[in-house]
Number of protein chains: 2
Amino acid sequence: MVSPKEAQPSRDVELAWNALASSRLRVTRARRGILQVLASQHGPFSAVEVFERLEKGVCDLVTTYRTLTALEEVGLIRRCDFGDSCYRYEFNTGEHHHHHIICRKCRKVETVDLCVADALERLASRRGYREITHTLEVFAICSQCAKDHKSDE
Amino acid sequence: MVSPKEAQPSRDVELAWNALASSRLRVTRARRGILQVLASQHGPFSAVEVFERLEKGVCDLVTTYRTLTALEEVGLIRRCDFGDSCYRYEFNTGEHHHHHIICRKCRKVETVDLCVADALERLASRRGYREITHTLEVFAICSQCAKDHKSDE
DNA sequence: ATATGTGCAAATTCTTTGCATTAGA
DNA sequence: TCTAATGCAAAGAATTTGCACATAT
């Protein structure tokens, strides 16, 4: 049914596949494959990066775009934006909210488990907003790149 | 020299024009006009939105892009990203750090004077990062759109 | 059986680049 | 004067759309 690489879905992935069904989304090869990539590899990834990580023939790039949009709409994955004009997606591990530190130079991404935006969300809530979400990304120069830069000049 | 609309720069704009000179950027019509728009109108605006607000003939769209990039590099304006695949810019009023609440439906933008990311920046600093900045945007459905939506269905 | 999902080609949107011309310092 | 800035045309990258065909439920 499924090829070797797809054959050992982790618990997370299996749960996500089931979630597909209850989201009135059909469980297709493209969706299984893309969830598998996002759940098992350390992202976040752009559409092209996801596509490159898919086993050959799972689906084409257009379907990757469509699938990412669909999965995000039902909340199985999350979209983030590192300010370099493409969207990135990562598996949504539920309540475990986190953020990223992106090195402006080498583009390395580090995860931070601290979320500080609750106060802001409460404020928005008091102002009458509903369905509140937020994006928060930290940009900086990592210690390695700072070092390299010094020796440049 | 300058046409009527450009003739009454506010104090902020004049300061910004002066700042251009000390940033090794030449003071041109395009730069004066774009700073004027961003300082006097409530943004943030995309490149196209800035261009549309410019008096006719100030510069073309390509120059608007180039100018926005240049002004951001010297810190006179700030770039933000509302997740709809285009960058937006706003006048940088200095230390007065703020964020936005963007309605996902009507795209209305409200400003919030509360910044909560200090803890996160300190954490990054402890991890060896330098030149730390962040982006933080809140997305939600505003009370008006929530109301409208109810009557839809 | 039938609505949903997919592939392919082509279109759109946002942004950047090349190069000859213009204009600040 | 002489380098930096601009306009125009064209290229490039990310993403979306249209439509015939394939597939999950």
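These figures come from a predicted structure and were not determined experimentally. Numbers restart at 1 for each chain; the letters A, B, ... are given by sequence-line order, proteins then strands.
Taking atom CD on A:E52 and atom P on D:dA14, their separation rounds to 10 Å, with Å as the unit. The distance from atom CD of B:E72 to atom C1' of C:dT16 is 16 Å, rounded to the nearest whole Å. Here C:dC8 presents its P atom at 9 Å from CZ of A:F51, a figure rounded to the nearest Å. Computed from coordinates, the A:R24 CZ to C:dG5 C1' distance equals 16 Å when rounded to whole Å. Rounding to whole angstrom units, CG of residue A:L68 and C1' of D:dT16 are separated by 14 Å. To the nearest angstrom, C1' of C:dG5 lies 19 Å from OH of A:Y65. Here the C1' atom of nucleotide D:dT6 and the CD1 atom of B:I34 are 11 Å apart, to the nearest Å. Following rounding to the nearest Å, A:L54 (CG) and C:dT6 (P) show an atom-to-atom distance of 12 Å.
Taking the centre and axis of the six-membered ring of B:F45, the NZ or CZ atom of B:R53 falls inside the cone set by 45° and 6.0 Å.
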Detail all sub-3.5 Å separations between protein N/O atoms and N/O atoms belonging to nucleotides 18-25 of chain D.
| from | atom 1 | to | atom 2 | distance (Å) |
| --- | --- | --- | --- | --- |
| D:dG18 | O6 | A:R66 | NH1 | 3.3 |
| D:dA24 | N3 | A:R26 | NH1 | 3.3 |
| D:dT25 | OP1 | A:V27 | N | 3.1 |

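Across the interface with DNA chain D, nearest-nucleotide mapping of B:C59 and A:Y87 shows B:C59 to be the residue nearer the 5′ end. Checking A:T67 against B:C86, the closest nucleotide of DNA chain C that is more toward the 5' end is the one next to A:T67.
Following chains of ILVMFWY side-chain contacts shorter than 4.5 Å, one cannot reach B:V109 starting from B:L136, and the two form parts of different hydrophobic clusters. Taken together through direct or relayed side-chain contacts under 4.5 Å among Ile, Leu, Val, Met, Phe, Trp and Tyr, A:I141 and B:L123 form parts of separate hydrophobic clusters. Taken together through direct or relayed side-chain contacts under 4.5 Å among Ile, Leu, Val, Met, Phe, Trp and Tyr, A:I132 and B:F82 form parts of separate hydrophobic clusters.
With distances taken from any side-chain atom of B:R31 to the nucleotides C:dG5, D:dT15, D:dT6, the minimum falls on D:dT6.
One finds a salt bridge joining A:E110 and B:R127 here, because a Lys/Arg side-chain nitrogen approaches an Asp/Glu carboxylate oxygen to under 4.0 Å.
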Requested in this report: Apply ring-ring contact (aromatic ring centres under 6.0 Å, His included) to B:H134 and A:F139, showing your working.
Outcome: CA-CA 6 Å; B:H134 69 268; A:F139 298 91; 9.4 Å; no
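Panel note: side chain A:D81, backbone A:Y87; no donor-acceptor pair is recorded below 3.5 Å.
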